[in-house]
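Every number for a ligand or one of its atoms is a count from 1 in the order of the listing.
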Amino acid sequence: MLKIEGMGANYGAFKVLHDISLDVADGETVVTVGPNGAGKTTLLRVISGLLKPTSGAIYFDNQRVDGKEPYEIVDIGISVVPEGGRLFPRLTVYDNLKAGSYTKRSRREFKQSLDEIFSSFPILKARQSQIAGSLSGGERQMLAIARTLMSRPKLVMFDEVSSGLAPKVVTNLFELVKRIKSQGYSILMVEQNVRKAIELADHAYLMGSGRLQFHGNKEDFIQSPHIKKAYLGI
Ligand SMILES: Nc1ncnc2c1ncn2[C@@H]1O[C@H](COP(=O)(O)OP(=O)(O)O)[C@@H](O)[C@H]1O
Ligand SMILES: [Mg+2]
């Protein structure tokens, strides 16, 4: 589904991603973990078309997509839940959801998407006229996820879905991601919360200093001495 080959990216003269090769198969959940500053958000920005890569190639459903504009990327089925959600806090829940279905394709299917979202997120239905900024932290992040789904993606990318939230809320959000996974979406998550993220992963990558340093299926990843020691504390 998503295939990245030898991709590099810069911020100005600063080389931030080096030779990134990563795959997400159809229906698979891939997790990329790594410390702050590793390049995780930048990776998602490049896939989203917000930052042009300086080398390599990105394919989605066998179509070359690097070089496309962000709205084109959303239109072909890749959407991100940005870190912190980035809602419109002064708009209602409903208007935030509406903002998520802004491409031609998703606008056509707005009503159907809204019905689906309201049946899987009854809280959002009940609060649809409420101002997004008045929701709790967990509800805001739920709304951010729902808004992303309104664009009708095939691949959903999550940037630190639970950052800055209380442990109980974190657990609920990971449960929500699990539910989204079970609905057949392909998922690419970038995370500092290694423990929680690995539970959901089919494959995992370790990223450090702008490079992918290790890759394996869930079991190999958990068993790797380096991951055990540095990230799982066992
Ligand atoms: N807009 C930017 N301009 C210049 N450098 C940036 C910018 N955003 C991030 N960086 C740098 O790029 C590197 C990777 O950052 P980022 O992708 O945000 O890492 P992560 O999401 O893993 O914490 C860091 O060294 C960071 O300081
Ligand atoms: Mg980040």
Side-chain angles (χ1 to χ4, degrees), residues 2 4-24 29-58 65-70 73-74 78-87 137-138 140-145 147-148 153 155-167 169-170 173-174 176-177 180 186-201 203-216 221 224 226-227 229-233:
L2 179 75
I4 305 179
E5 289 177 353
M7 184 267 284
N10 295 2
Y11 284 122
F14 175 62
K15 195 145 180 43
V16 54
L17 295 180
H18 310 261
D19 195 25
I20 301 286
S21 294
L22 177 149
D23 286 299
V24 183
T29 296
V30 170
V31 171
T32 297
V33 298
N36 200 12
K40 303 182 298 298
T41 296
T42 305
L43 169 65
L44 299 192
R45 295 192 67 206
V46 174
I47 299 168
S48 304
L50 292 164
L51 181 67
K52 303 292 171 220
T54 49
S55 56
I58 304 176
V65 299
D66 51 286
K68 287 195 185 293
E69 295 302 320
I73 298 290
V74 174
I78 304 178
S79 287
V80 65
V81 181
E83 186 174 8
R86 304 243 193 86
L87 295 171
R140 281 203 298 272
Q141 192 62 338
M142 185 193 288
L143 175 56
I145 294 169
R147 182 184 61 182
T148 297
L155 173 70
V156 187
M157 306 194 292
F158 293 92
D159 193 350
E160 316 247 5
V161 69
S162 64
S163 77
L165 295 168
V169 179
V170 172
L173 284 169
F174 277 94
L176 178 53
V177 176
I180 289 169
S186 305
I187 294 176
L188 175 60
M189 292 186 94
V190 302
E191 265 299 329
Q192 287 192 63
N193 191 332
V194 180
R195 246 172 220 282
K196 288 261 185 223
I198 288 301
E199 284 173 26
L200 297 178
H203 281 93
Y205 292 79
L206 174 65
M207 189 177 223
S209 311
R211 293 174 197 278
L212 294 177
Q213 298 169 328
F214 181 81
H215 161 236
F221 200 80
S224 147
H226 177 65
I227 302 291
K229 192 158 174 289
Y231 293 95
L232 300 173

My question is simple, although I want it checked carefully: is atom 16 (P) of ligand 1 less than 4.0 angstrom from any protein heavy atom?
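Given the 4.0 Å limit, the answer for atom 16 (P) of ligand 1 is yes, a protein heavy atom qualifies.
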
Does the protein put any heavy atom within less than 4.0 Å of atom 26 (C) of ligand 1?
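It does not; no protein heavy atom is within 4.0 Å.
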
Does Pro35 have a heavy atom less than 4.0 Å from any atom of ligand 1?
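Contact present.
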
Under 3.5 Å: N/O of [X] near N/O of ligand 1:
{"X": "Phe14", "answer": "no"}
{"X": "Glu160", "answer": "no"}
{"X": "Arg45", "answer": "no"}

Given side-chain contact (heavy atoms from CB on, under 4.5 Å), test Lys15 with Thr54 step by step and report yes or no.
CA-CA 9 Å; Lys15 195 145 180 43; Thr54 49; 4.0 Å; yes

Is the shortest heavy-atom distance from the side chain of Pro82 to the side chain of Asp159 under 4.5 Å?
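No - every pair of side-chain heavy atoms lies 4.5 Å or more apart.
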
Answer whether the closest heavy-atom distance between the side chains of Leu188 and Leu44 falls below 4.5 Å.
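Yes; the side chains approach each other to less than 4.5 Å.
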
Show me which atoms of ligand 1 lie under 4.0 Å from any heavy atom of [X].
{"X": "Ala38", "answer": "19 (O), 20 (P), 22 (O)"}
{"X": "Asn36", "answer": "23 (O)"}
{"X": "Thr42", "answer": "14 (C), 15 (O), 16 (P), 17 (O)"}

Test applied, side-chain contact (heavy atoms from CB on, under 4.5 Å); reference residue, Ile187; option that passes from Val30, Leu200, Ile180:
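Result: among Val30, Leu200, Ile180, Ile180 is the only option passing the side-chain contact (heavy atoms from CB on, under 4.5 Å) with Ile187.
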
Protein heavy-atom partner closest to [atom] - residue, atom, separation in Å:
{"atom": "atom 18 (O) of ligand 1", "result": "Thr41 CB, 3.8 Å"}
{"atom": "atom 1 (N) of ligand 1", "result": "Tyr11 CE2, 3.8 Å"}
{"atom": "atom 19 (O) of ligand 1", "result": "Gly39 N, 3.1 Å"}
{"atom": "atom 24 (C) of ligand 1", "result": "Gly37 O, 3.7 Å"}

side-chain contact (heavy atoms from CB on, under 4.5 Å) between Ile145 and Phe158: does it pass, once the steps are laid out?
CA-CA 9 Å; Ile145 294 169; Phe158 293 92; 4.0 Å; yes

Residues Glu191, Ser162; criterion side-chain contact (heavy atoms from CB on, under 4.5 Å); working and verdict
CA-CA 9 Å; Glu191 265 299 329; Ser162 64; 4.3 Å; yes

Whether the side chain of Thr148 engages the backbone of Ser79 through a donor-acceptor N/O pair (distance < 3.5 Å, no angle test) should be reported.
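Between the backbone of Ser79 and the side chain of Thr148 there is no qualifying donor-acceptor contact (under 3.5 Å).
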
Provide the closest heavy-atom pair for [X] versus [Y] in the form atom of the first, atom of the second, distance.
{"X": "Leu173", "Y": "Gly138", "result": "CD2-O, 4.3 Å"}
{"X": "Gly6", "Y": "Ser21", "result": "N-OG, 2.9 Å"}
{"X": "Arg86", "Y": "Glu83", "result": "CG-O, 4.0 Å"}

I need the contact type for Val16 against ligand 1. Using non-hydrogen atoms and a strict under-4.0 Å cut-off, is it side chain, backbone, both or neither?
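Looking at Val16 and ligand 1, just side chain atoms fall under 4.0 Å.
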
Taking the inter-plane angle between the rings of Phe214 and Phe221 on a 0 to 90° scale, is it parallel (under 30°), tilted (30 to 60°) or perpendicular (over 60°)?
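Phe214 vs Phe221 ring planes: tilted.
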
Straight-line distance of Met142 CE to Arg147 CZ, nearest 0.5 Å:
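Atom-to-atom, Met142:CE and Arg147:CZ are 15.0 Å apart.
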
Determine whether Thr32 and Leu212 satisfy the following criterion, side-chain contact (heavy atoms from CB on, under 4.5 Å), listing intermediate values before the conclusion.
CA-CA 9 Å; Thr32 297; Leu212 294 177; 4.2 Å; yes

Sorted by chain and residue number, which protein N/O/S atoms are under 2.8 Å from the Mg ion (ligand 2)?
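Correct list: Thr41 OG1.
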
